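These notes are about the structure you will find just below.
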Amino acid sequence: MTEKNRMNLATISKFREFGLLGFIVLLTIVIQFLNPAFLTLGNLTDLIKNTAILSILALGMMLVLITRGIDLSIGATLALSGMIAALTVSAYPDLHPLLAILIGILVGVVCGVVLGFLVSKVGILPIIASLGLMNAFRGLTFWVGGGEWISAYQMPSSFKNIATSSFLGINTLVIIAIIIFLYFYYFVNNTITGRQIYALGSNPDSAKISGINSHKIYMIVYTMMGGLSGLAGVLWVSKFASAQGNTASGYELTVIAACILGGVSINGGVGKVTGVLLGAVLLGVLDNGLPLIDVSPFWQMGIEGAIILVAVLFNTIVKKTVEKNNRLRRVI
Amino acid sequence: MKKFSLLSFLMLVLLTLLVACGGEETGSDEGNGDSDGGGDDAGERHAIIFKSTGNPFGEKLMEGFEDAITEAGDEAILRAPEQPTVEGQIQIIEELISQQVDSITVVGNDYDGLEPVLTKAKDRGIKVLSTDSAVNGNSRMVHVNQADPEAIGRIQIEAVAEMIDNEGQIAVLSATSQASNQNLWIEWMQKELEKSDYDNIELVEVAYGDDLRDKSVSETEALLQSYPDLKGIIAPTTVGIAAASKVITDKGLQGEVVVTGLGLPSEMAEYIENGVSPWMYLWNPIELGYLAGYTANMLVAEEITGEVGDTFEAGDLGSYEVTETEDGTEVLLGDPFRFDADNIDEWKDVY
Amino acid sequence: MSTRTINNTQEFSWKRFFLQWEWMLVALIIIIFLINSSISPYFLNYLSISDATMTFLDKAFIVFPMVMIMIMREIDISVGSTVALSSVVMASLYNAGLPMVLAIGACLLVGALCGFFNGFLLVKYRQLSAVIVTLSTMILYRGIAYMILEDQSAGEFPTWFSFFGWGYIGSVPFILVLFVVMAIGAVLLLQKTVFGRRVYAIGSNPTASRFSGVKVDKIKLIVFTLAGLMAAITAIFLTSRMGSTRPNVANMYELDVIAMVALGGISTAGGKGKMLGAILAVFVIGYLQYGLGLINIPAQMLLIIIGVLLIASVTVTNLRVKGKLQKKKSKKKVKKAS
Amino acid sequence: MSEYVLKLEGITKEFPGVKALDNVHFDLKAGEIHALMGENGAGKSTFIKVITGVHSPTSGEIYLNGEQVEFDNPKEAQYMGIAAIYQHVTNYPDLSVTENIFMGHEKIGKWTRRINWKQMHADAKSLLESLGSDLDPKTEMGSLSVAQQQIVEIAKALSSNAKIIIMDEPTAALTHRESEELYKITEQLRDDGVAIIFISHRFEDMYRLADRVTVLRDSQYIGCWDVDKITHDQLIVAMVGREIKQLFPEKQNQLGEEVLRVESLGQIGRFKDISFSLKRGEILGITGLVGAGRSELCQALFGIEPYDEGTVYFEGKKQVIKTPEDAIQLGIGYLPEDRQAQSLILQWEISHNISLSALTSISKKGWLAEKKEREIAKELAEKVDVKTKSIFDPASSLSGGNQQKVAVAKLLTTNVKVLIFDEPTKGVDIGAKSAIYQIIVDLAAAGYGIIMISSEMPEVIGLSDRIAVMCEGRVTRVLDKSNATQEAILEASMSKKVNNSKVG
């Protein structure tokens, strides 16, 4: 009985990821069938490169969601730090690109700390707090940019190279994403803080009894999210060689969608790094593949929405069935 | 109880503060220090509404408008909603009507959507004109057009044909523009392509990048993947052309695929210099704004009425005539300006 | 059993009467009026003040159901998309030859269906949170709107249709009249009916409500459907004001609505707050925005101000709730000791 | 080094409105098992939370090995070697068994600070094995049964190498065999020098294990005795404060015709094949161990989670109950076990609480009839004798017993014929307890059919006309008032399937 039970649960959680993987493969086959240009080295490189920023943000968002929170301000944070980093490099072209990245991260961290403070200390619901900050940060971005864009020619090539250069034949963006992925994998699975994030989301009351400092965890989670948004902001601006006030407007929804597709529960406690990565890849495949097979751009949003809704319902129904089966198997 | 009143008080202070610095901001930020305050006797007041804030093209357009207005000793009000929506523009126009401005110049986010509010403005005796992106003939007295859509469409085909020696596949990367001008240009492009000179040129696809960086990039990549023999991309949109050029640059396809279209010199300087885009076009937004400003002034002074055949002198720009279009009347600024490696340096810092 | 008598008449207390968040909002409105009329000579006249309501009242209809939703500890962020979808459906049907009256009916129906679908998913799958459900449908509904109209606009409505957004009854804007009527209805519904009491019960303690025979699922379904319906009414006014529509209209309306509700003193933890507060908050934000518009403040500053105002008001309400609890605690202790 | 590893002096803990502990003393020697006894609501749980640092006492001193200590948070107490197994399961359903066991004291690499999963899994495995369980430590906690989770909780306490272990009702959800297993482990721990505070309702646990017993009553310290030097009766008097018989009012109920009959009711995985009938004026006690399916049965009768099989006859007619509204419509009222979470809206005024179930009947076409509401609230509040000045006071301002009275008053607003009381005196002080008994008896005399679920045997025996004992989802025995003894109930509530345990 116990053995069976365990098998079942393990299978389910794997099943979700395999299901996702299966869906990606299926989608790939369909797209490939309709347009053979899909599975080419060049296109796959593009796909991975374009998914890099999304997956970086999705990993951060995963932690936020695990603590039963949400962060809608990341698009604005991304724009703000990208804008400030771009302004800095355009004023000081000799600045080392690493420093530019650091500036971006720093701005992001400050934004994250503000949100973390509002959520953990003041006790505002994350969705409200981040909505408010989203407005404020977006306004700030327009303000510091003075309505202007920072364009390619104003950026030193060292800065633009962050996104275009490669190391060992792999694009830097992808390398950064991989490093962050590996770090997160280690962080959430093998460090105490990482596990405490899950514990807090799984049962906030027990967490208190276990002596977990929930304020600290919220601060860490939102600060990390902010830092990652800041990093993503620099990468974004470097990649597109342009910083605008409305950069990544509404991007937070895509990020949250990637998490949800990846099986992160908004009720907290559940979410796997690999799942989130798959979720981001799925969206990447859709973004890359739909134009290739001539799907009207106006249908993309609807298709994306439908897929997300189906994924959410599918997760819930599977979970419900498993619970019922478990109960059925109990002998009275 | 004490805490409650204290907090209420704090909140009031905060609010007052916000309002106060809000007022201050207007003065310094937009460089239109003379726009706030002021009563009726400070001369006429002319307002311009762009599509959304934080757009360099719009900033320059409004700058030109302001120049024309202040030259005439009047006051310019520069507005833009935060998002490029009709709702935002309607609200701003209502606010301007309440302020009893003398003229409203609008860069429409929608061809028809502003008709009711602009009609209300006209009914209250406000002169209404549009520029850059038109609103329909009923809602405006005159449209100040950058260039003839036909010319814009045809010139881009001519350019790309010259760049690829009249042979090969080309694609268009458009926005999903709210204003109809994009589609009009593309229509003219297709008409131009019917000419026998272009028999060897094939327009393979019109893709839409939504004026979003990430989307434009993936659309460009999809074009390159789907059509390995693609020779040229026409992007009649500022975000699209820069995104497409960036992709070509990053993929090292300089010389193999050319990009042209309509772009901001500042955004495109890099790619004109590196040869991805040998040249591209745009009109001068400062001059466009300037002309719009002059036209607004003329309308308010009742020297013109927006009827066909009206003529006026627009400062340094010379003389202009109101002409007829399919829907309403317009003033045409001139042909689009060509930006290439020779002149891009002097323009990239301008806008 | 016992001879103890328990008091069931409550003495009127001025202190309690004035110690309500709503007075704070009234004060805010007065202050905004004072500031507005001092910074702009164009504010303080009847035409400005009444025309201003036309610019901000359209989305305010969604405030009524959103108050109930947030009192029930839920949230609906799909309302903006619902507005877009129902507006697009109405315009496309009319352009396809349907009489305008029927098109308006279809608009209301689509809105109600959108809301009902949200509610249905929430009730059917209790584990799902409202954030997730309405986030998905937010993308979906707008996606469908895009599928219908692509990048086209639709419109050319009959002239009488513009009455909704632009018409006056006497010299009062029609939208204001309708809003006031509905506001009175909403206040009565939430404060004076069994239905309203049950909404509060659900928000305060969903389990206890269910155990007390309150039809939690049914009420949730009704309120979410109402949210969709009100979004459709917003769509009618908005479309009427624009004379045509596009799939991208009403972008981020949910944010504005939630901001109004939060400023209205509705506690995000559920069960607290009054309809009247949210209605007053509509005018606070509306006139604040309008006043700042009259001095031509840049849009980015407006963004920052609204964002900060939202957070500040929620902070104050949060602290207020905490403060009240503490007050109660200390009072209890005294009682116990004596 | 003091003789006592743990000593508490004059501990007082006040919560808003409640004095949860009042000048309590306690001491604990190394290598002893010290039973802490007292009724529900006597303050035991709070007392544990004070020891483990979850609450800090309002006044009083704690000495650990003779040195005064103060715990600001549970971590500090844990660090000092104090571990607790709480009565309410406090685990992380989404995390693995291993993580639940080691939460707060994970094994990490010395330099890398990396969690050593391999070792943790192995340690968890051996810990569980030492408890006689072959659970896979990688299993998700949420998928385990309550009994299995309890075992993990015990393993968790053991894992921290604690010198002092507090067990709060550890045997409540365990089968006989598992309890035996636990006794052995507990004794072994004691022999290893660990001091154990053992809290239990079950006298047999205490007699079997404890060396000394401390009794709390009504938040106060009553006394501490060697287990072999106090008689059973004396102990009960210490716990209850008077002879039990005085607690229960005289019953004058007369049984009328049958009002409710259920036949082979079942709910998948919860209970099965339940049949009984209830007459007007009758009090049917349902007892059994926690997890035996008592609450689930009654919640099914009330339509909260509908039953899957079987039939319900109400006043002779076959009825289907799917929702609480159905039940209320029929005339069944339910007083939930956890009044704060399931019955009352604490921040609401008393009158609104009372009227909640009956809003439809005290309204005119959907409009609230506030005057009528106030009258009804006053009448009922007086009827059940709520100790308050005004019906406008919030329910949170009342003591536990008075809150319970409000919950009862709420049931009486609707036109009910059958009342189900789920642990009606849980967490209620002794005075209120007898008042609630009085109410129950009066209601029975007034002709209501009453089903009362209770874990407290004296209560069940003292009030019921008949007693149904449940065990593992089935009714194992129905006892008449005449043959209802503690022993008989206990025997019927123990699992017979000793060798076919579902755990392990």
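Numbered from 1 within each chain, the chains take letters A, B, ... in sequence-line order. Note: hydrogens, waters and symmetry copies are ignored here, and every other heavy atom, side chains too, is used. Not measured: the values here are computed from a predicted model.
Using a 4.5 Å heavy-atom threshold, the side chains of C/Arg246 and B/Asn109 count as separate. Between C/Asp58 and B/Glu87, every side-chain heavy-atom pair lies at or beyond the 4.5 Å cut-off. The closest side-chain heavy-atom distance from B/Val86 to C/Asn248 is not below 4.5 Å.
A pairwise comparison of heavy atoms in C/Ala299 and B/Ala80 identifies CB-O, 3.3 Å as the closest pair. The shortest non-hydrogen separation linking B/Pro116 to C/Trp166 is CB-NE1, 3.1 Å.
Taken to the nearest 0.5 Å, the CG atom of C/Asn296 stands 8.5 Å off from the CZ atom of B/Arg45. Atom OG1 of C/Thr245 sits about 8.5 Å away from atom CG of B/Asp110, to the nearest 0.5 Å. Of the inter-residue distances, the one linking B/Thr53 atom OG1 with C/Gln300 atom CD reads 5.0 Å to the nearest 0.5 angstrom.
At a 4.5 Å heavy-atom cutoff, the contact between B/Gln83 and chain C is made by side-chain atoms alone. For chain B, no part of C/Phe157 is nearby; none of its heavy atoms comes within less than 4.5 Å. For B/Pro81, the part lying under 4.5 angstrom from a heavy atom of chain C is the backbone only. Both the backbone and the side chain of C/Leu294 come within contact range of chain B, with heavy atoms under 4.5 Å apart. At a 4.5 Å heavy-atom cutoff, B/Ile97 makes no contact with chain C through either its backbone or its side chain. Of the two parts of C/Glu150, neither the backbone nor the side chain holds a non-hydrogen atom closer than 4.5 Å to a non-hydrogen atom of chain B. Only the side chain of C/Ser153 comes within contact range of chain B, judged by heavy atoms closer than 4.5 Å. Contact of C/Thr239 with chain B is not made at all, since no heavy-atom distance falls under 4.5 Å.
B/Gln91 places no side-chain N or O within 3.5 Å of a backbone atom of C/Phe56 that could act as its donor or acceptor partner.
Top candidate by heavy-atom pairs under 4.5 Å with chain C, chosen from B/Glu115, B/Glu94, B/Lys120, is B/Glu94.
With a 6.0 Å radius and a threshold of 12 heavy atoms from other residues, nucleotides or ligands, B/Gln190 has its CD atom above the threshold.
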